[in-house]
Amino acid sequence: MAETWLNETLYPDWGQRFLVTRELARVKSDFQDVVVFESSSHGRVLVLDGVIQITERDEFVYQEMLTHVPLLAHPCAKRVLIIGAGDGGVLRRVLQHDTVEKAVMVEIDGAVIELSKQYLPNIAGDAWNDPRAEVIVGDGIDYVLKAADGSFDVIIVDSTDPIGVGEVLFTDEFYSNCARILSDEGLIVNQCGVPFMQADELHETSLRRAKFFPHVGAYVAAVPTYVGGFMTLGVASKGQAPNTQTVEQIRTRAEAAKIVGTTRYWTPEIHVGSFNLPPYIAEHLPKTGK
């Protein structure tokens, strides 16, 4: 019996491939092609438009860093808005924080949520049923446009790259509204790609956010299936610069949130160290960024 391999199509001239042991779902939604398959190396894998989004084996790296860093860089994050993240992993990590009172998740593609519930249940765990969670199938742009001023402390944007369905989440209008609906100490974070291959993504996104936030920067996470070295997570803050906390301050906040000892990648030391960028990445941030 012939082997079946899935070749990622993110880059035209470089990529990775997975040995597919079983295809679980293949759906063409109103927004994108969604595939879930079982691999021998990484467990179950979610693919959107030919690009690997998450695998069971290494999802903890991305989810923990996308969530715990902004929530603990904020002095007291209680209200969190998640845009995208249809697999539920970010929602799960947000709700691990005892200090969070409300988490609103807005995912445009309901098919991603339903397929994740069915085939990737371990990624979200019980987060879908947490009374603090409000899950909306809808347009994150429209939600941000209509949300009240100062209604959230942290915004986490877990989107695809700025092409196709994710493109509208990288515009001036979007970041302007995000700044408006964030509280005085508010932060926004979103993935900015792998700068070894996608440097323009980090550069252009950071320049846009610098128009609306006094502090713009980035931190890194080593996610094996996001090929090309470090993944950058862009962060912008209305309050204190997010790279100025000490390990002791982060540990104290993490203890209050009761997440110490629950992680596999994030630690207070990793948190603080992740803002120390290699020059080849730092050079793509605005010179005024802190």
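Side chains included, hydrogens not; waters and symmetry mates left out as well; all remaining heavy atoms used.
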### Query
Will you find, in the side chains of N122 and R44, an N or O donor that is under 3.5 Å from an N or O acceptor?
no
### Message
If you count heavy atoms of other groups shown closer than 6.0 angstrom to NZ of K211, is the number above 12?
### Response
yes
### Message
Working to the nearest 0.5 angstrom, can you tell me the gap between W128 CH2 and S116 OG?
### Response
6.5 Å
### Task
May I ask whether L277 and M197 are part of the same hydrophobic cluster, defined by side-chain heavy atoms of I, L, V, M, F, W, Y residues being less than 4.5 angstrom apart, directly or through others?
yes
### Message
Under the criterion side-chain contact (heavy atoms from CB on, under 4.5 Å), I'd like the reasoning laid out for V45 against V36: C-alpha separation, chi angles, the key distance, then a yes or no.
### Response
CA-CA 6 Å; V45 182; V36 184; over 6 Å; no
### Query
When rounded to the nearest 0.5 angstrom, what distance separates CG in L285 from SG in C192?
9.0 Å
#### Entry: From F212 atom CZ to C178 atom SG, the distance as rounded to the nearest 0.5 Å
10.0 Å
#### Entry: L115 side, atom CG; L48 side, atom CG - distance, nearest 0.5 Å
9.5 Å
### Task
Decide yes or no on side-chain contact (heavy atoms from CB on, under 4.5 Å) for V112 and V34, but give the supporting numbers first.
CA-CA 7 Å; V112 175; V34 186; 4.2 Å; yes
### Task
Kindly give the heavy-atom pair with the smallest separation between G125 and R92, and that separation in Å.
N-CD, 4.4 Å
### Task
May I have the step-by-step check of salt bridge (Lys or Arg N to Asp or Glu O under 4.0 Å) for D153 and R79, ending in yes or no?
CA-CA 5 Å; D153 300 311; R79 303 161 299 164; 3.0 Å; yes
### Task
Assess whether atom OH of Y265 is packed by more than 12 heavy atoms of other residues, nucleotides or ligands within 6.0 Å.
yes
### Query
More than 12 heavy atoms of other residues, nucleotides or ligands under 6.0 Å from CG of D98: is that the case?
yes
### Query
When you look at Q63 and D87, which way does the side-chain hydrogen bond (donor to acceptor under 3.5 Å, both in side chains) test go after all the steps?
CA-CA 11 Å; Q63 312 276 30; D87 55 74; 3.1 Å; yes
### Query
Can you find a heavy atom in the side chain of E134 that is under 4.5 Å from one in the side chain of I136?
yes
### Task
Mind listing the closest non-hydrogen atom pair of T99 and A256 along with its distance?
CG2-O, 4.0 Å
### Query
When you measure from the centre of the six-membered ring of Y175, is the NZ or CZ of R208 under 6.0 Å away and within 45° of the axis?
no
### Query
Do I52 and L66 share a hydrophobic cluster (ILVMFWY, side-chain heavy atoms under 4.5 Å, transitive)?
no
### Message
Quick check against the 3.5 Å criterion: does E201 have a side-chain atom that pairs as donor or acceptor with the backbone of G193?
### Response
yes
### Task
Count the heavy atoms of every other residue, nucleotide or ligand shown that sit under 6.0 Å from CD of E173, and state whether that count exceeds 12.
no
### Query
Does one hydrophobic cluster hold both Y119 and V35, with members joined at side-chain heavy-atom distances below 4.5 Å?
no
### Query
For L19 and T4, what are the C-alpha separation, side-chain angles and deciding distance, and is it a side-chain contact (heavy atoms from CB on, under 4.5 Å)?
CA-CA 6 Å; L19 178 61; T4 300; 5.8 Å; no
### Summary
Heavy atoms of V20 and F37 approach each other most closely as CG2-CD1, 3.8 Å
### Query
Linking I/L/V/M/F/W/Y whenever any side-chain heavy atoms sit under 4.5 Å apart, do M65 and V247 land together?
yes
### Criterion salt bridge (Lys or Arg N to Asp or Glu O under 4.0 Å) on R26 and E23, from CA distance to verdict
CA-CA 8 Å; R26 181 177 292 269; E23 185 174 290; 2.8 Å; yes
#### Entry: Of Q53, M231, R57, H42, the residue whose pairing with T225 passes side chain to side chain contact (heavy atoms under 4.5 Å, CB included)
H42
### Message
Please check this pair: side chain of H284 against backbone of L202, looking for a donor-acceptor N/O pair closer than 3.5 Å.
### Response
no
### Task
Give a yes-or-no answer on whether the side chains of D58 and Y226 include a donor-acceptor pair shorter than 3.5 Å.
no
### Task
Please report the shortest heavy-atom distance between R132 and H97, naming the atom on each side.
NH1-O, 3.1 Å
### Task
Might you point out which heavy atoms bring L95 and A133 nearest each other, and give the distance in Å?
CD1-CB, 4.0 Å
### L72 side chain near H271 side chain, heavy-atom distance below 4.5 Å
yes
### Message
As a test of understanding, state which of L91, T263, I259 forms a side chain to side chain contact (heavy atoms under 4.5 Å, CB included) with Q96.
### Response
I259
#### Entry: Within-4.5 Å side-chain heavy-atom neighbours: F230 and V194
no
### Task
Working to the nearest 0.5 Å, report the span between CD of E114 and CG of D109.
10.5 Å
### Message
With a 6.0 Å cut-off on the ring centroids, do Y219 and F275 count as close?
### Response
yes
#### Entry: Beyond-backbone contact of N190 with R209, side-chain heavy atoms, under 4.5 angstrom
yes
### Task
State whether the side chain of H215 and the backbone N or O of G239 hold a donor-acceptor pair below 3.5 Å, judged by distance alone.
yes
### Message
Between T67 and E64 (side chain of the first, backbone of the second, donor and acceptor by atom type, cut-off under 3.5 Å), is there such a pair?
### Response
no
### Query
With a 4.5 Å limit on heavy-atom distance, are the side chains of Q245 and R253 in contact?
yes
### Message
As a quick check of understanding, evaluate side-chain hydrogen bond (donor to acceptor under 3.5 Å, both in side chains) for Q191 and D158, giving each step before the final call.
### Response
CA-CA 6 Å; Q191 69 89 1; D158 182 17; over 6 Å; no
### Task
Might you work through the side-chain contact (heavy atoms from CB on, under 4.5 Å) test for L233 and V220, ending with a clear yes or no?
CA-CA 6 Å; L233 300 166; V220 293; over 6 Å; no
### Query
Does CG in D142 sit with more than 12 non-hydrogen atoms of other residues, nucleotides or ligands closer than 6.0 Å?
yes
### Query
Taking a hydrophobic cluster as the set of Ile, Leu, Val, Met, Phe, Trp and Tyr residues connected by side-chain heavy atoms closer than 4.5 Å, whether directly or through intermediates, do L120 and F18 fall within one such cluster?
no
### Task
Please examine the side chains of S183 and H74, heavy atoms only from C-beta on, and report whether any two atoms are closer than 4.5 Å.
yes
### Message
Please check this pair: side chain of E107 against backbone of G86, looking for a donor-acceptor N/O pair closer than 3.5 Å.
### Response
yes
### Message
Looking at A241, is its backbone amide N or carbonyl O close enough to the side chain of S237 to form a donor-acceptor pair, meaning the two atoms are under 3.5 Å apart?
### Response
no
### Query
Would the number of heavy atoms belonging to other residues, nucleotides or ligands and lying under 6.0 Å from NZ of K117 be above 12?
yes
### Task
Output the distance between atom OG (S274) and atom CD (E269), rounded to the nearest 0.5 Å.
11.5 Å
### Query
Hey, is the main chain of A111 close enough, under 3.5 Å, to the side chain of S29 for a donor-acceptor pair?
no
### Message
Counting neighbours of NZ on K102 that are heavy atoms of other residues, nucleotides or ligands and sit closer than 6.0 Å, is the number greater than 12?
### Response
no
### Query
So which heavy atom on A147 is nearest to which on I181, and how close?
O-CG2, 3.6 Å
### Query
Would you call I155 and L187 a side-chain contact if the rule is heavy atoms closer than 4.5 Å?
no
### Query
Hey, does V104 have a side-chain heavy atom less than 4.5 Å from the side chain of Y143?
yes
